Amino acid sequence: MQTHLREILRCILDSYRNTGGINNIDGLNLPSKRAMESVCEELLQILFPGFLDAEPVHSSDMERVIGYRLGAIADRLKHEICRALRTDNPDCSENRAEEITLEFLATIPEVRDLLRTDVQAAYEGDPAARSFEEIILAYPCVEAIAIQRLAHRLYLKEVPLIPRMMTEWAHARTGIDIHAGASLGSHFFIDHGTGVVIGETSRIGSRVKLYHGVTLGAKSFAKDDEGHILKGGKRHPDVGDDVTIYPGSTVLGGETVIGGGTTLGGNVFLMHSVPPNSLVYYEETQIKVVPKRRDRSADGENM
Amino acid sequence: MQTHLREILRCILDSYRNTGGINNIDGLNLPSKRAMESVCEELLQILFPGFLDAEPVHSSDMERVIGYRLGAIADRLKHEICRALRTDNPDCSENRAEEITLEFLATIPEVRDLLRTDVQAAYEGDPAARSFEEIILAYPCVEAIAIQRLAHRLYLKEVPLIPRMMTEWAHARTGIDIHAGASLGSHFFIDHGTGVVIGETSRIGSRVKLYHGVTLGAKSFAKDDEGHILKGGKRHPDVGDDVTIYPGSTVLGGETVIGGGTTLGGNVFLMHSVPPNSLVYYEETQIKVVPKRRDRSADGENM
Amino acid sequence: MQTHLREILRCILDSYRNTGGINNIDGLNLPSKRAMESVCEELLQILFPGFLDAEPVHSSDMERVIGYRLGAIADRLKHEICRALRTDNPDCSENRAEEITLEFLATIPEVRDLLRTDVQAAYEGDPAARSFEEIILAYPCVEAIAIQRLAHRLYLKEVPLIPRMMTEWAHARTGIDIHAGASLGSHFFIDHGTGVVIGETSRIGSRVKLYHGVTLGAKSFAKDDEGHILKGGKRHPDVGDDVTIYPGSTVLGGETVIGGGTTLGGNVFLMHSVPPNSLVYYEETQIKVVPKRRDRSADGENM
């Protein structure tokens, strides 16, 4: 076995030399996936004090506990942000990373104010929700929206890699994929959530409610003269205030605007704007309901 | 850095005082997410002995191994159930928590009988399934259905928070979101599973087969005079025996009944009942198939 | 409490004796889920050196680090493959497991060549992708496709259980469910990914791009004279080169062929072949857009 393994090792080392682009050898210190995972977990603990700890936090201990946790996050995050900045500019100073880290942490109170409205929207929007506690402990949208609201602030400061790593951490845990670039209004509720995709340049108003499987995506990509996709540009829809979108619907296009107060039915595929206060749906007559044939043959059942 | 962090800490502590509803400070001991995660993992090990352990269980060791595990689960679960009960009634006694824990654990054999039928339904319903072992080791529906069947029993005993925490644990791992309130018949199979949502008041018959992305949801919410959603009430469909629902279909409404023996095609959006033994689908003629234009402009490809 | 627990234990032990099929008592050593999880993680570290480690790998250390890691994987994988082979043939020799393990590990360089094309396809196919680093660190499709490409090689060697355990590990983390049997061309990109299902007998060409929620599934199952589903057989579609499929579309059937160069719109449900260079979509006229009624009654909002 050892001889064969040595030969395989040689081929793998050759592959590292010959197949470029997917190696990080003698390369930059990239932000660590594992470090960012624990930063995300600890940020959630600061956002919702006492909910995700083994024990509730006592007010007498508060300053000590939160102060310690904040210091630990600041150190690690500064380290990872510095690594990320240097992938764009190898000469980036530690000071710049520290500055961004502090500006970012200072937004926690305003993020908490928004999250308060999201939890309230979940409570008011879901007849199955029994208490705020249940929502914070068990609704995946809370985690996905909280992490995106934080990541969005690092995205606006043009930190590479880290905002997307944060939202992907939440995506893997919740099935909700909100790009760090998307802009979200207050009182945002996503019920169930699995399969929701919200693209980078989406803008979402206040009091919007999405069900699982809703996509706000791009419909066309501008290309340069050589046929390469152009990066950037407004590609995803705008959704007005007080819009509800039922499960499995897809809205595409950077110029598509869903007017405020509109309700979209489920499984709708939409590539143009709709005026405010619309109801959008497929006609039920398009569904056929017929009796099953009795002579089903032995070789299978057709859908 | 330290000076700035102290200032940020002060603002966060202010936020804890001023933004209520999302803090648990000087509050109740809530059930712990982490404790419930390990309870769920150990319950699965008891349900499927020898499958999820590093080594198979030997019959000579069985009484000792399972006895030890059962005792450990009982202690921890009683502790978490007690915390949960006290969110509703701060004076709830430990005895009540113990009683519920014991009644719950006593249902394990009957849950196993049902799971036996679920594994068999997966084996018979999926041509790709090679053995019962493969299903228990690698099919996400086994985990999601097992945890829901257990959580449902705590839901019926009106334990707050914990049933939903259990089903969300399974949801995060499998993408299958079955509310702890839903009532499931025997021989239940969910293939692939990602994106399945089954609402709180759904009732599902025996020998039902769902594919991924199927929703059994609510279509309208009753509101009180002040416009607040009313909690509770039958909001989700009933699905008869021997029903198959293909991927991505959505069935809404508390009065919607899918008659026994019916097959629903994929991507169907249904808000009314269908009689037994129906075939429900979209007409294929509604799909347009046209040649692509050759003169695609350089500025992008329209969907 | 102890008396009751003893009684519950007795009932559970009875259940192990009476409810067969879901126990592994005095049984075979099955492959361990946990061991396969860490094998998958370490395989990813070998495929993308320096990306998933805490620190980048230095070339001077390379031979030592990768050699050590490769040896550790080989030992553990051989052990698990041996357990898996013995579920089919209890007399299977350790030598056979070693042989398969070495043949498998020797395919790593060719798998890396393919993954290089996948990362490039993601970069060229997504305007939001800023760098190869971002794709490797944060795109779920990279993990799902990498693990499937490896699992497929064990599937071709007819190793039971393990290929499916590997793809389910990736499915749980990414929401992307590609059966180990599916055959994938180069330059394969899946954007977002949650809810994608690719069946066992699918064959996918080169430069194919799928969005989340796309299903390549089976439409009918052949049954034997006793009504049991027949295992095996070509059940899933073929997808030609340069095909793009938008979110939520479902293509079913083993004889269904999507011709090369075709684009499928979103939410399309297709059960027949389409010629090369087609555009397939639902007509927009089928969507109704109407103003909401002003006289919404107090008892709820219909969809």
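This one's a predicted model, so the numbers in the text were calculated from it and none came from an experiment. A, B, ... follow the sequence lines: proteins, then strands. Residue 1 opens every chain.
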So [Y] and [X], do their side chains get closer than 4.5 Å, heavy atoms only?
| X | Y | value |
| --- | --- | --- |
| Lys288(A) | Val280(B) | no |
| Asp75(A) | Met1(B) | yes |
| Ile12(B) | Pro109(A) | yes |

By a 4.5 Å heavy-atom criterion (distance strictly below it), what part of [X] contacts chain B: side chain, backbone, both, or neither?
| X | result |
| --- | --- |
| Glu226(A) | neither |
| Val289(A) | both |
| Ile108(A) | side chain |
| Phe132(A) | side chain |
| Tyr211(A) | side chain |
| Leu47(A) | backbone |
| Ala129(A) | both |
| Asn95(A) | neither |
| His58(A) | both |

Practice prompt. Go through the steps to decide whether Arg164(B) and Leu137(A) satisfy the test side chain to side chain contact (heavy atoms under 4.5 Å, CB included), and finish with yes or no.
Written response: CA-CA 9 Å; Arg164(B) 177 71 184 249; Leu137(A) 284 174; over 6 Å; no
What's the separation between atom [atom1] in [X] and atom [atom2] in [Y], rounded to the nearest 0.5 Å?
| X | Y | atom1 | atom2 | answer |
| --- | --- | --- | --- | --- |
| Met165(B) | Glu133(A) | CE | CD | 11.5 Å |
| Ile22(B) | Phe48(A) | CD1 | CZ | 5.5 Å |
| Leu105(A) | His4(B) | CG | NE2 | 12.0 Å |
| Lys33(B) | Ile136(A) | NZ | CD1 | 10.5 Å |
| Leu114(A) | Thr19(B) | CG | OG1 | 10.0 Å |
| Asp88(B) | Ser131(A) | CG | OG | 8.0 Å |

Practice prompt. Determine whether more than 12 heavy atoms belonging to other residues, nucleotides or ligands lie under 6.0 Å from atom CD of Glu110(A).
Written response: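 Enclosed: over 12 neighbouring heavy atoms sit under 6.0 Å from CD of Glu110(A).
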Counting heavy-atom pairs under 4.5 Å with chain B, which one of [options] comes out on top?
| options | value |
| --- | --- |
| Pro140(A), Ser60(A), Gly248(A) | Pro140(A) |
| Gly253(A), Ala128(A), Gly175(A) | Ala128(A) |
| Leu102(A), Val142(A), Val268(A), Ile135(A) | Leu102(A) |
| Arg173(A), Arg130(A), Lys78(A) | Arg130(A) |

For chain A, find which of [options] contributes the most heavy-atom pairs closer than 4.5 angstrom.
| options | result |
| --- | --- |
| Leu30(B), Leu161(B), Val197(B), Leu5(B) | Val197(B) |
| His179(B), Arg83(B), Arg6(B) | Arg83(B) |
| Ala172(B), Gly199(B), Ser278(B), Gly195(B) | Ser278(B) |
| Cys11(B), Pro31(B), Gly21(B), Ser32(B) | Gly21(B) |

Worksheet entry | Full working for side chain to side chain contact (heavy atoms under 4.5 Å, CB included) between His171(B) and Thr194(A) | CA-CA 9 Å; His171(B) 179 201; Thr194(A) 311; 2.6 Å; yes
Fill in: side chain to side chain donor-acceptor pair (under 3.5 Å) between Thr263(B) and Lys292(A), intermediate numbers included
CA-CA 8 Å; Thr263(B) 299; Lys292(A) 278 191 175 176; 2.7 Å; yes
Heavy-atom proximity to chain A below 4.5 Å, by part of [X]:
| X | answer |
| --- | --- |
| Asn267(B) | both |
| Thr87(B) | neither |
| Ile25(B) | both |
| Ala35(B) | neither |
| Arg10(B) | neither |

Fill in: Test log, rule side chain to side chain contact (heavy atoms under 4.5 Å, CB included), inputs Tyr123(A) and His228(B)
CA-CA 10 Å; Tyr123(A) 183 74; His228(B) 294 303; over 6 Å; no
Discussion item. Let's go through Leu9(B) and Glu63(A) carefully: what are the C-alpha distance in whole Å and the side-chain angles of both, what is the deciding distance for side chain to side chain contact (heavy atoms under 4.5 Å, CB included) to 0.1 Å, and is it a yes or a no?
Written reply: CA-CA 8 Å; Leu9(B) 175 59; Glu63(A) 187 164 344; 4.1 Å; yes
Discussion item. Tell me whether Lys219(B) forms a cation-pi arrangement with Tyr246(A), defined as NZ or CZ under 6.0 Å from the six-membered ring centre and within 45 degrees of its axis.
Written reply: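 No cation-pi geometry.
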Worksheet item: Between the side chains of Arg112(A) and Tyr16(B), does any donor sit under 3.5 Å from an acceptor?
Response: no
